[in-house]
There are 2 protein chains.
Amino acid sequence: MGHRAPPRDRVTEQSVREAALTLFAQRGYHGAALRDIANEVGIRTPSLYNHIESKQELLRGILLTTTEQVWSDFETAIESVSDVTERLRRAVVTYALRHAIHRREALIVNRDVESLDEPARSEVMALRRRHERAVRAIIIEGVDAGVFQVEDPFVASFGILEMCVSVARWFDPAGALSADQVASEYAEFALRLVGTR
Amino acid sequence: MGHRAPPRDRVTEQSVREAALTLFAQRGYHGAALRDIANEVGIRTPSLYNHIESKQELLRGILLTTTEQVWSDFETAIESVSDVTERLRRAVVTYALRHAIHRREALIVNRDVESLDEPARSEVMALRRRHERAVRAIIIEGVDAGVFQVEDPFVASFGILEMCVSVARWFDPAGALSADQVASEYAEFALRLVGTR
DNA sequence: CCTACCGATCGGTAGG
DNA sequence: CCTACCGATCGGTAGG
């Protein structure tokens, strides 16, 4: 505890970012010290600066990369799919799957976005809002087509999206269910939630 | 910014805890300094100790009180209700309503429980698990009775509960929807999710 | 990659 | 309720 790890593997930018990911997810940005990250990879704090710019830049890298991938995954998942139910199903499978597979990134995005300095914070929040609106647009499309029945697409979209987000909080990759199984169950939940089936 | 507030009202234990609630929710336990809390109520840091024991005790008070109330609210909500669908409906209304009304407390519970020292952390987590299991038991009861259709009660219980938790992240008390409206919409979502309706 | 060290800030205490 | 101050720790730099 608190001690330096043996210099197991070669220290690289990648291994530093990996350690930061784990520690930020575990203790939060403010709760994880650079010293802890250095210990984790087996070097002293100042040596981290051979691999990274600053603690803030570590956070920025994680949050920007993650939210950009959420958006591009979404676009890929629904492109050239016209059926609105299938669009929603794919959007939910993709989003839930991401939160099962990239649990640490998801936890950090949802916990530490307020620790991110401007202008990156606004970029991250704009990307998230774009995704939210796009999912909401699918729900509205389904309601207009008479396929979905929801009282308020705003509430329904948050219900569905935040349900997916929280997969990161309970999913256990060593557990009985695979990420794919959980994602498809969540898609089923979402379709029931909007009144299909 | 960062300056001391004018000594508006009398400083009391209650006003200190109120300021801590707001700041912990905004910035997280590690991100909020006692100095910020002192500034918020218009005194110097050492004077806080006339009202509280320590920063850690502030966190403990928030988390223990909140999780105890979650459990007692749940018990009150479902006692003497025999119909399983109605039991689930009440459990969800109660839990969602709490997360709309006590948003700050909910955010802190879900973000900073790992910053809580033992033995309080284990107490909080035990109380949460008890609530989770009780809600899961309702779902299993409904499945056994043939009223609910869910593939996996474990996944369904997390889907429902975490959906409610996240109300704290988006609900706006000044928005178009009241806490009661959101809570009853969420109850409808939950009942659809388990395959009724 | 290291040691040595920086100013700033942290939670908290002494003493009134 | 305050000022004065504590040791510890923070992110980060200098210089090799």
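Predicted, not measured: the structure shown is a model, and the values here were computed from it. Reminder, nothing fancy here: chain letters follow the sequence lines and each chain counts from 1.
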* **Whether over 12 other heavy atoms sit under 6.0 Å from Glu53(B) CD** => no
Flag the pair [X] and [Y] as a salt bridge only when some basic side-chain nitrogen lies within less than 4.0 angstrom of an acidic carboxylate oxygen.
X         : Y         : answer
Arg128(A) : Glu132(A) : no
Glu57(B)  : Arg60(B)  : no
Glu18(B)  : Arg104(B) : yes

Got a donor-acceptor contact below 3.5 angstrom from the [X] side chain to the [Y] backbone?
X         : Y         : value
Thr196(B) : Leu191(B) : yes
Thr65(A)  : Ile62(A)  : no
Arg121(B) : Leu116(B) : yes

* Take atom CZ of Arg44(B) and atom C1' of dT9(C), then tell me their distance rounded to the nearest Å. => 16 Å
* Quickly work out the Ile37(A) CD1 to dC1(C) C1' distance and round it to whole Å. => 18 Å
* To do: Check each residue of residues 107-119 of chain A for a non-hydrogen atom within less than 4.0 Å of any atom in DNA chain D, then write out the ones that pass by number, or none.
  => none
* Structure fact -> Correct closest heavy-atom pair for Ile138(B) and Val84(B) would be O-CG2, 3.4 Å
* Identified side-chain hydrogen bond (donor to acceptor under 3.5 Å, both in side chains) counterpart of Tyr29(B) within the set Gln56(B), Lys55(B), Arg111(B) -> Gln56(B)
* Extract the stems that DNA chain D is part of, considering only consecutive pairing runs of at least three Watson-Crick or G-U wobble pairs, both distances under 3.5 Å. => C:1-16 with D:1-16
* **Contact state string [nucleotides 11-16 of chain C, B base, S sugar-phosphate only, - no protein heavy atom under 4.0 Å]** => SBB---
* From Phe74(A) atom CZ to Leu127(A) atom CG, the distance as rounded to the nearest 0.5 Å -> 13.0 Å
